Amino acid sequence: MLQSTALLTDRYELTMLDASLRDGTAHRRCVFELFGRRLSGGRRFGVVAGQGRLMSLLRDFRFSDDDLRYLHDERIVSRETLAYLESYRFSGSIEGYREGELYFPESPLLTVEAAFADAVILETLALSVLNFDSAVATAAARMSIAAGGRPIAEMGSRRAHEHGAVAAARAAYIAGFTSTSNLEAGRTWGVPTMGTAAHAWTLLHDTEEDAFRAQIESLGTDTALLVDTYDIDEGVRRAVELAGPDLGGVRIDSGDLPLVAADVREQLDRLGATGTRITVTSDLDEYAIAALAASPVDAYGVGTSLVTGSGYPTAGLVYKLVARQDAAGAWISVAKKAQDKGSTGGRKQAYRRLDRGTASEEIVRLASGADEPRDARALVVPFVESGEIDATHEGPDGVRAARAHHARVRKELPVRALALSKSDPAIPTVSA
């Protein structure tokens with residue numbers, strides 16, 4: 001059964017639509033732009049994510065009989081508008097940055113060209129998806145960089161809305177995480193899943209030894225045993241005693257992690273389990289991960305900090321009308337001029353200038369048809385053309401493509417972008 005996404009919106013989108021149908025401006029061609037005026041939290045770059053999810057949600061952006069009945073009963077729009085919405089299908093075009101791309105202030109992440117009636121009612125859905133997914137992806141990229149190539153798993157489902165948890169796992173995987181604990185993210189988006197046992201498993205059994213033995217019998221000696229339910233030293237000793245030196249891993253979820261990891265590594269090596277991996281969890285963020293860089297840690301698991309954007313749960317993106325046609329069909333640039341909340345009028349094109357493969361400038365300029373800047377990479381690709389959605393951005397294949405794209409473009413970052421401290425964006429945004 002089709003689940004409509006049309007009411008995942010704010011009321012004023014539909015009241016504006018209603019009024020525009022009354023005064024004749026509903027079919028005026030418009031350009032809306034989704035962008036961020038600044039990077040959240042003094043971060044040096046952003047990672048845009050959610051475009052593939054948005055395209056799938058756009059396919060279901062239809063007003064069902066139940067939707068229309070609700071709008072009628074609540075007297076939100078007129079009968080004429082209800083008739084219009086009954087056959088609503090987005091028929092415009094959308095282009096923007098590829099999912100997994102880096103972005104900076106004023107980057108035109110999505111550009112929607114359509115009749116006002118088509119474009120205005122997408123605002124809330126587009127912002128809801130990209131603000132959350134980009135916040136998670138940006139945090140995930142910073143954590144992945146801090147991990148320095150060590151595997152890093154997403155484990156935040158219990159700290160997020162049930163559907164947000166799936167979106168977070170998807171965004172984190174695109175931005176460099178290697179797996180998730182969330183099975184729905186695995187089924188829907190093809191994200192590799194992981195997980196063995198929690199403290200409840202140990203507490204269920206009469207002894208820690210019984211719990212470890214049962215887990216090994218079920219999952220084999222390559223499993224990871226959680227060794228900190230009681231005493232860590234005893235847990236490690238018992239784990240190696242039962243599984244032998246080929247024990248796959250141990251997980252530590254408490255304590256002063258740099259000190260504990262060092263002690264556990266020394267103990268494992270002394271017991272002959274030199275190949276046993278150490279995974280640490282316990283309220284990690286990018287700063288805690290960076291602090292463990294010199295520790296004998298093989299993998300990380302991150303939960304709360306990731307799904308909340310590591311302190312910045314929204315990317316702060318906005319959706320603004322930047323151009324429209326007048327009554328004669330001529331294009332007019334329009335812009336909001338409010339202090340600290342302004343916008344720049346006109347349809348944009350964007351490029352990233354590279355200096356021997358390293359990003360040096362974000363070029364955002366009016367789409368005038370001028371030649372592409374030299375030594376620059378074009379950033380804008382099509383998502384929807386005349387209502388036809390490009391399916392290559394959707395589903396597990398779209399996630400894999402976005403992940404691969406992010407890995408490529410992350411290599412363009414200058415060294416100063418990799419620091420975790422607050423600063424100006426790593427590269428300037430210029431017009432050319």
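Model, not experiment: these values are computed from the prediction.
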Assess, by modelled atom type and distance only, whether the side chains of [X] and [Y] contain a donor and an acceptor separated by less than 3.5 Å.
{"X": "Thr5", "Y": "Asp60", "value": "no"}
{"X": "Thr279", "Y": "Asp298", "value": "no"}
{"X": "Ser56", "Y": "Glu394", "value": "yes"}
{"X": "Ser64", "Y": "Asp66", "value": "no"}

Item to complete: Could you note down all residue pairs passing salt bridge (Lys or Arg N to Asp or Glu O under 4.0 Å) where residues 36-46 supplies at least one of them, sequence neighbours left out?
Response: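 Every salt bridge (Lys or Arg N to Asp or Glu O under 4.0 Å) pair that includes a residue of residues 36-46, provided the two are not neighbours, is Arg43-Glu286.
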Practice prompt. With sequence neighbours excluded, tell me which residues meet salt bridge (Lys or Arg N to Asp or Glu O under 4.0 Å) with Glu13.
Written response: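 In terms of salt bridge (Lys or Arg N to Asp or Glu O under 4.0 Å), with neighbours along the sequence ignored, Glu13 is linked to no residue.
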Using the side-chain contact (heavy atoms from CB on, under 4.5 Å) criterion, which residues pair with [X]? Sequence neighbours excluded.
{"X": "Ile145", "value": "Phe45, Arg410, Leu418"}
{"X": "Val380", "value": "Glu95, Tyr97, Gln349, Ala350"}
{"X": "Ala335", "value": "Lys337, Ser343"}

Enumerate, atom names and distances included, each donor-acceptor pair closer than 3.5 Å involving a side-chain atom of residues 270-278, sequence neighbours excluded.
residue: Arg270; atom: NE; partner: Glu266; partner atom: OE2; Å: 3.1
residue: Arg270; atom: NH2; partner: Glu266; partner atom: OE1; Å: 3.1
residue: Thr276; atom: OG1; partner: Leu247; partner atom: O; Å: 2.7

Practice prompt. Could you walk me through whether Thr207 and Asp210 pass the side chain to side chain donor-acceptor pair (under 3.5 Å) test, one step at a time?
Written response: CA-CA 5 Å; Thr207 66; Asp210 290 344; 3.2 Å; yes
Worksheet item: Considering only heavy atoms from C-beta outward, does the side chain of Asp133 approach that of Leu54 to under 4.5 Å?
Response: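 Of all side-chain heavy-atom pairs linking Leu54 with Asp133, none is under 4.5 Å.
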Discussion item. Within the 4.5 Å heavy-atom criterion, are Phe32 and Arg324 side-chain neighbours or not?
Written reply: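 They are not in contact (no side-chain heavy atoms under 4.5 Å apart), so the answer is no.
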Fill in: Partner set under ring-ring contact (aromatic ring centres under 6.0 Å, His included) for His406, not counting sequence neighbours
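His406 satisfies ring-ring contact (aromatic ring centres under 6.0 Å, His included) with no other residue.
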Fill in: ring-ring contact (aromatic ring centres under 6.0 Å, His included) partners of His161, counting only residues at least two apart
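Counting only residues at least two positions away or on another chain, His161 forms a ring-ring contact (aromatic ring centres under 6.0 Å, His included) with His163.
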Worksheet item: Any idea how Phe63 and Tyr88 line up, ring-wise: parallel (<30°), tilted (30 to 60°), or perpendicular (>60°)?
Response: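 Judged by the thresholds at 30° and 60°, the geometry between Phe63 and Tyr88 is perpendicular.
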Enclosure of [X] [atom1] (heavy-atom neighbours >12, cutoff 6.0 Å):
{"X": "Arg374", "atom1": "CZ", "answer": "no"}
{"X": "Glu162", "atom1": "CD", "answer": "yes"}
{"X": "Tyr230", "atom1": "OH", "answer": "yes"}
{"X": "Glu234", "atom1": "CD", "answer": "yes"}

Can you list, pair by pair, the side-chain donor-acceptor contacts under 3.5 Å of residues 215-225, counting residues two or more places apart and other chains?
residue: Gln215; atom: NE2; partner: Thr223; partner atom: OG1; Å: 2.9
residue: Gln215; atom: NE2; partner: Ala224; partner atom: O; Å: 2.9

Item to complete: Would you sort out whether His405 and Glu99 count as a side chain to side chain donor-acceptor pair (under 3.5 Å), showing the intermediate values?
Response: CA-CA 8 Å; His405 182 70; Glu99 189 161 18; over 6 Å; no
Practice prompt. Give the minimum heavy-atom separation between Ile389 and Met55, together with the two atoms involved.
Written response: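 It is CD1-O, 3.6 Å.
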Fill in: Ser107 side, atom OG; Ile363 side, atom CD1 - distance, nearest 0.5 Å
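Atom-to-atom, Ser107:OG and Ile363:CD1 are 11.5 Å apart.
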Item to complete: Hey, could you give me each pair passing side chain to side chain donor-acceptor pair (under 3.5 Å) that has a residue in residues 150-159? Not counting sequence neighbours.
Response: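 Of all non-adjacent pairs touching residues 150-159, those that pass side chain to side chain donor-acceptor pair (under 3.5 Å) are Arg150-Tyr300, Glu154-Thr180, Ser157-Asn182, Arg159-Thr304.
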Solution key, residues 252-264 side-chain donor-acceptor pairs under 3.5 Å, sequence neighbours excluded:
residue: Asp253; atom: OD1; partner: Thr281; partner atom: OG1; Å: 2.5
residue: Asp253; atom: OD1; partner: Ser282; partner atom: N; Å: 3.1
residue: Ser254; atom: OG; partner: Asp228; partner atom: OD2; Å: 2.6

Discussion item. Under the criterion side chain to side chain contact (heavy atoms under 4.5 Å, CB included), I'd like the reasoning laid out for Arg11 against Ile76: C-alpha separation, chi angles, the key distance, then a yes or no.
Written reply: CA-CA 8 Å; Arg11 177 170 175 148; Ile76 292 170; 3.7 Å; yes
Tabulate below the donor-acceptor pairs under 3.5 Å that side-chain atoms of residues 171-179 make, not counting sequence neighbours, or state none.
residue: Thr178; atom: OG1; partner: Ile152; partner atom: N; Å: 3.1
residue: Thr178; atom: OG1; partner: Ile152; partner atom: O; Å: 3.0

